[in-house]
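Right, one structure below, let's go through it.
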Protein chains: 2
Amino acid sequence: MSTTAIAPGATPCRNCPLRRKPLFLPFSDRELSFMEAFKVGELVVGPNVMLLEEGQGSAHLFTVLRGLGIRSTMLENGRRQVINFLFPGDFVGLQAGLAGEMRHSVESTTPMVLCVFNRADLWTLFREEPERAYDLTWIAAVEEHFLGETIASLGQRDAIERLAWALLRIHERLSSVGLSEEGKVPMPWRQQDLADALGLSLVHTNKTIRRLREIGLAHWSAGTLSIDRERLAALALTDPDRPRRRPLI
Amino acid sequence: MSTTAIAPGATPCRNCPLRRKPLFLPFSDRELSFMEAFKVGELVVGPNVMLLEEGQGSAHLFTVLRGLGIRSTMLENGRRQVINFLFPGDFVGLQAGLAGEMRHSVESTTPMVLCVFNRADLWTLFREEPERAYDLTWIAAVEEHFLGETIASLGQRDAIERLAWALLRIHERLSSVGLSEEGKVPMPWRQQDLADALGLSLVHTNKTIRRLREIGLAHWSAGTLSIDRERLAALALTDPDRPRRRPLI
DNA sequence: CGTGTCGTTGAATCCAGTCAAGTGTGGTGG
DNA sequence: CCACCACACTTGACTGGATTCAACGACACG
């Protein structure tokens, strides 16, 4: 069911975040040639494939081109925490790229296509392409912000607020990468995944989702999610129009 | 009671993380001269001073030279989440430095001394000092890892495990920057701060700390903390000797 | 057609939050 | 000097949200 293949010298990463925003803008010729040089290949995997495993080193960094995934860690007591979900445009493996070992696992949920880079090329990037390096750090800082927001949710919101916040965030993120159709977005993860992400039990997650459906705030079935954005945001106590990405310098 | 002062051209940051680890190693002459150039001044503040405020822009980045602080955000429902505690060697404001606006507040707990940088110099850093830029990104990646660990704690550990984990982590961190004396480290934060960091109520935090004291795992009083490291680690379900920082590339 | 996975639902239990009151300490001003 | 207040820390009692246990239905798959 799951296949992996690296296709060296494949087409350049038009969706790659290793450049200035906004997403989906075409690269310049100079950028294209650079990406070609830095890129090692393209990784195509089926669903439910472990891309990076906790505790192991990796010679590669990845950029998600297509598909959705999960970044998670296992605690010493055997419980699983989903750190975040992976969307197209996400960068994966910087930590391992810098520190040399993975502290978390990365696995695909849907089939995925990833852009593969050589870890060893990272230093070259910083030396010869300061703009790219700057963008990379910017991505890390944005990522850090999102993790901070997650911490706030796990620490200070109750179950229904957490669910509202998570579904809203996922819906926004998928819409921003063009995966929304008539307000519906793909939602391929299991309830167990969402429960592990929000620090809730599977049972309570299920019942809370039911509550959201009953009051008409979110419908999630058959791998598809549709929401009442305004009212969900009110419940999540989050300003949905809060600015996220500002101009650099 | 609280004073702030910027002293331009002060002594270079011997404790600054903008360089390769380990901490406390002296800078090379080249590094020193660079730090002198990049550094704008030194910020000295009293306890309980708001250094950066949520929603505001800042022209500066900081490095903690001395003292302890708090990084926190306010949720829309008025509840506070402490993202993390600040120790000597921490870098503050990268997110604002890149995104232009703070999404969280930073305040001092004890008197602090910080190294001040110009946000606008960040791009110069990337262009002219790729090594420093690399180190900066490495710091961001390490920070990201710690936030991931916090997420796992808030999501998957119960109250006593969270406390054990937090006290262990704080003790380790303070020891690593040389603030330990005979196993005792300063612990200037309030129980309310720790509660807000761990997503627990003040009352329950208090009672859990009491439990830890009664079974002899941690003593925290009068701003001083001492722990039984081995048994606390066993309770926190964390391997205390897990390697944290590996060689670069 | 058995098997496994995921989703769903009910009941009982318990951990953690809330409410409320009390202690101790340091600072302030009469 | 002492009354008073502000603040952090304690402690007990009650409540409730979330977990756990358990069972069942739907569906895909070999």
Side-chain angles (χ1 to χ4, degrees), chain A residues 1-2 46-49 70 75 77-82 107 109-110 153-167 186-214 218-225 235, chain B residues 1-2 46-48 70 75 77-82 107 109-110 153-167 186-214 218-225 235 237:
Chain A
M1 193 73 330
S2 58
N48 305 312
V49 173
I70 279 185
L75 274 83
N77 57 7
R79 302 183 58 149
R80 183 179 79 140
Q81 175 68 40
V82 171
E107 59 183 310
T109 304
T110 69
S153 284
L154 295 193
Q156 305 302 332
R157 291 192 234 255
D158 65 15
I160 200 165
E161 289 171 350
R162 270 184 241 187
L163 255 305
W165 169 81
L167 294 182
M187 183 70 189
W189 296 287
R190 299 169 305 163
Q191 292 189 354
Q192 183 70 65
D193 296 324
L194 200 53
D196 288 345
L198 298 178
L200 299 169
S201 69
L202 170 62
V203 172
H204 199 55
T205 301
N206 180 297
K207 288 172 179 170
T208 307
I209 290 171
R210 181 192 177 188
R211 275 208 285 161
L212 286 175
R213 182 173 49 238
E214 284 173 351
H219 287 260
W220 173 21
S221 62
T224 300
L225 170 71
L235 211 173
Chain B
M1 195 74 331
S2 57
N48 305 313
I70 278 186
L75 274 82
N77 57 8
R79 302 183 56 148
R80 184 179 77 140
Q81 174 67 42
V82 171
E107 59 183 309
T109 303
T110 68
S153 284
L154 295 192
Q156 306 301 333
R157 291 192 235 255
D158 65 15
I160 199 165
E161 289 170 350
R162 272 185 241 186
L163 257 305
W165 169 81
L167 294 181
M187 182 71 188
W189 296 287
R190 298 170 305 164
Q191 292 188 356
Q192 183 69 64
D193 296 325
L194 200 53
D196 288 344
L198 298 178
L200 299 169
S201 70
L202 170 62
V203 173
H204 200 57
T205 301
N206 180 295
K207 288 172 179 170
T208 307
I209 290 171
R210 181 193 178 188
R211 275 208 286 160
L212 285 175
R213 181 173 51 239
E214 285 173 350
H219 287 260
W220 173 20
S221 63
T224 300
L225 171 70
L235 210 173
L237 297 168

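So you know, we letter chains A, B, ... as the sequences are listed, proteins then strands, and number each from 1.
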Worksheet item: Nucleotide by nucleotide, 5' to 3', does protein get under 4.0 Å of the base (B), only the sugar-phosphate (S), or neither (-) in nucleotides 12-28 of chain D, counting heavy atoms?
Response: BB----BBBB-------
Item to complete: Not counting sequence neighbours, which residues clear ring-ring contact (aromatic ring centres under 6.0 Å, His included) with Trp189(B)? List them please.
Response: Phe85(B), Phe87(B)
Item to complete: Tell me, please, which residues at least two apart from Thr110(B) pass side chain to side chain contact (heavy atoms under 4.5 Å, CB included).
Response: Leu68(B), Met112(B), Pro188(B)
Worksheet item: 5' to 3' on DNA chain C, which nucleotides open and close the contacts with chain B (atom under 4.0 Å from a heavy atom)?
Response: dA16(C) to dC19(C)
Worksheet item: Phosphate oxygens OP1/OP2 of dC7(D): is one of them under 4.0 Å from a side-chain N or O of Gln192(B)?
Response: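 For dC7(D), neither OP1 nor OP2 has a side-chain N or O of Gln192(B) closer than 4.0 Å.
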Worksheet item: Do the side-chain N or O atoms of Asn206(B) get closer than 4.0 angstrom to the phosphate oxygens (OP1, OP2) of dC9(D)?
Response: no
Fill in: side chain to side chain donor-acceptor pair (under 3.5 Å) partners of Gln156(B), counting only residues at least two apart
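Arg79(A), Gln81(A).
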Response to the item:
Residues passing the side chain to side chain donor-acceptor pair (under 3.5 Å) test with Arg210(B), sequence neighbours excluded, are Glu214(B)
Practice prompt. Looking only at non-hydrogen atoms, find the nearest pair between Leu212(B) and Ala164(B) and report the distance.
Written response: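 In terms of heavy atoms, the two residues are closest at CD1-N, 4.2 Å.
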Worksheet item: Got a donor-acceptor contact below 3.5 angstrom from the Arg157(B) side chain to the Arg162(B) backbone?
Response: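 No, the answer is negative, given that no donor and acceptor are paired below the 3.5 Å cut-off.
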Sequence neighbours excluded and cut-off under 3.5 Å, please list the side-chain donor-acceptor pairs for residues 197-207 of chain A, or say none.
{"from": "Ser201(A)", "atom 1": "OG", "to": "His204(A)", "atom 2": "N", "distance (Å)": "3.1"}
{"from": "Thr205(A)", "atom 1": "OG1", "to": "Ser201(A)", "atom 2": "O", "distance (Å)": "2.8"}
{"from": "Asn206(A)", "atom 1": "ND2", "to": "Gln191(A)", "atom 2": "OE1", "distance (Å)": "3.0"}

Discussion item. Going by salt bridge (Lys or Arg N to Asp or Glu O under 4.0 Å), name the pairs with one or both residues in residues 190-200 of chain B, residues two or more places apart or in two chains.
Written reply: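 Of all non-adjacent pairs touching residues 190-200 of chain B, those that pass salt bridge (Lys or Arg N to Asp or Glu O under 4.0 Å) are Arg80(B)-Asp193(B), Arg80(B)-Asp196(B), Arg190(B)-Asp193(B).
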Worksheet, complete the sentence: The bend of the helix from dC1(C)-dG30(D) to dG30(C)-dC1(D), taken between the axes of its five terminal pairs at each end and rounded to 10°, is 30°
